[in-house]
2 protein chains.
Amino acid sequence: MSPFSPLDPLLHSQLRLAVMSLLIGVDEAEFTFLKEQTQSTAGNLSVQLDKLEKAGYIEITKSFRGKRPLTTCKITQKGVTAFESYVENLKKYIE
Amino acid sequence: MSPFSPLDPLLHSQLRLAVMSLLIGVDEAEFTFLKEQTQSTAGNLSVQLDKLEKAGYIEITKSFRGKRPLTTCKITQKGVTAFESYVENLKKYIE
DNA sequence: TAAATAGGTTTATATTATAAACCATTTTAT
DNA sequence: ATAAAATGGTTTATAATATAAACCTATTTA
């Protein structure tokens with residue numbers, strides 16, 4: 001038996017992992033907040049958020065604040081579970 | 001300031017991380033041992049070992065055991081340091 | 001002596017990450 | 001009033017990566 005469990009490829013990505021890490025600690029977060037916290041480009045962030053949403057790990061809500069578009073992200077229960085089990089698996093690699 | 005340090009892309013790979021994780025606990029390890037422990041294909045393992053060697057994270061020694069080729073791997077001090085700081089950085093993502 | 005096994009490497013392909021270019025709108029400066 | 005810059009993103013193209021498939025050389029077994 002291998003001592004290593006497979007790591008969810010969707011979470012084993014620096015930017016997506018950082019996003020999930022941020023979202024797990026808050027109720028919800030805006031696109032611009034995620035962008036500045038992760039130091040990512042908007043394009044990269046947009047793509048990665050899409051993937052997380054398609055996987056059902058986050059929900060993305062589009063609205064307006066005043067006249068400006070506003071993108072808000074929230075982790076789902078499925079996302080929380082996936083994140084937690086990713087972390088459990090990862091620990092076997094780094095202990 | 002971003003709360004996330006960049007993760008060494010060489011180590012942020014499931015197979016290479018597993019290899020480093022194994023090597024850090026032993027004096028040296030054979031190709032076939034790494035292959036079975038990581039459940040990887042020989043081709044994939046060969047490629048990833050090459051990258052680790054080129055980065056100076058491991059040393060690869062080729063010899064024979066009896067008449068058969070034998071590939072042995074050993075982590076370097078540079079590799080130990082890189083692994084440790086990768087783990088430190090990673091913790092910020094998963095705490 | 002043919003077939004299977006060992007111990008790999010090389011090459012091709014699919015996936016991923018990333019940056020660059022773009023778009024619509026709003027705000028600021030002239 | 002109009003041009004220029006900023007906001008808040010998306011889409012597309014490219015580069016990097018991971019992975020598997022094919023291959024190679026030699027050895028052992030049937």
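Scope of the values below: all heavy atoms of this structure, side chains included, with no hydrogens, waters or symmetry mates.
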In whole Å, what is the span from the [atom1] atom of [X] to the [atom2] atom of [N]?
{"X": "B:Q48", "N": "C:dT10", "atom1": "CD", "atom2": "P", "answer": "14 Å"}
{"X": "A:D50", "N": "D:dT10", "atom1": "CG", "atom2": "C1'", "answer": "9 Å"}
{"X": "A:L11", "N": "C:dA17", "atom1": "CG", "atom2": "C1'", "answer": "15 Å"}
{"X": "A:F64", "N": "C:dA24", "atom1": "CZ", "atom2": "P", "answer": "13 Å"}
{"X": "A:L70", "N": "D:dT7", "atom1": "CG", "atom2": "C1'", "answer": "12 Å"}
{"X": "B:L45", "N": "D:dA21", "atom1": "CG", "atom2": "P", "answer": "17 Å"}
{"X": "A:L7", "N": "C:dT16", "atom1": "CG", "atom2": "C1'", "answer": "16 Å"}
{"X": "B:E36", "N": "C:dG7", "atom1": "CD", "atom2": "P", "answer": "11 Å"}

Minimum-distance nucleotide to [X] side chain [options: [options]]:
{"X": "A:K67", "options": "D:dA18, C:dT27, C:dT10", "answer": "C:dT27"}
{"X": "B:R16", "options": "D:dT17, D:dT19, C:dG8", "answer": "D:dT17"}
{"X": "A:N44", "options": "C:dT9, D:dG9, C:dT18", "answer": "C:dT18"}
{"X": "B:F31", "options": "C:dG8, D:dT17, D:dT11", "answer": "C:dG8"}
{"X": "B:R68", "options": "D:dT12, C:dG8, C:dT5", "answer": "C:dT5"}
{"X": "B:S13", "options": "D:dT19, D:dA18, D:dT10", "answer": "D:dA18"}

Does [X] put a side-chain nitrogen or oxygen below 4.0 Å from OP1 or OP2 of [N]?
{"X": "A:K35", "N": "D:dT10", "answer": "no"}
{"X": "B:Q14", "N": "D:dA18", "answer": "no"}
{"X": "A:T71", "N": "D:dG9", "answer": "yes"}
{"X": "A:T32", "N": "D:dG8", "answer": "no"}
{"X": "B:T41", "N": "D:dT19", "answer": "no"}
{"X": "A:K51", "N": "C:dA17", "answer": "yes"}

Is there a side-chain contact between [X] and [Y], using heavy atoms and a 4.5 Å cut-off?
{"X": "B:F31", "Y": "B:L49", "value": "yes"}
{"X": "B:I75", "Y": "B:Y57", "value": "no"}
{"X": "B:M20", "Y": "B:L11", "value": "yes"}
{"X": "A:S5", "Y": "A:K92", "value": "yes"}

### side-chain hydrogen bond (donor to acceptor under 3.5 Å, both in side chains) between A:T32 and A:E36, worked out
CA-CA 6 Å; A:T32 51; A:E36 72 186 25; over 6 Å; no
### Task
Let me see the working for B:K62 and B:T71 under side-chain hydrogen bond (donor to acceptor under 3.5 Å, both in side chains), right down to the final yes or no.
CA-CA 5 Å; B:K62 287 178 182 304; B:T71 298; 3.0 Å; yes
#### Entry: Most 5' of A:H12 and A:A42 on DNA chain C, judged by nearest nucleotide
A:H12
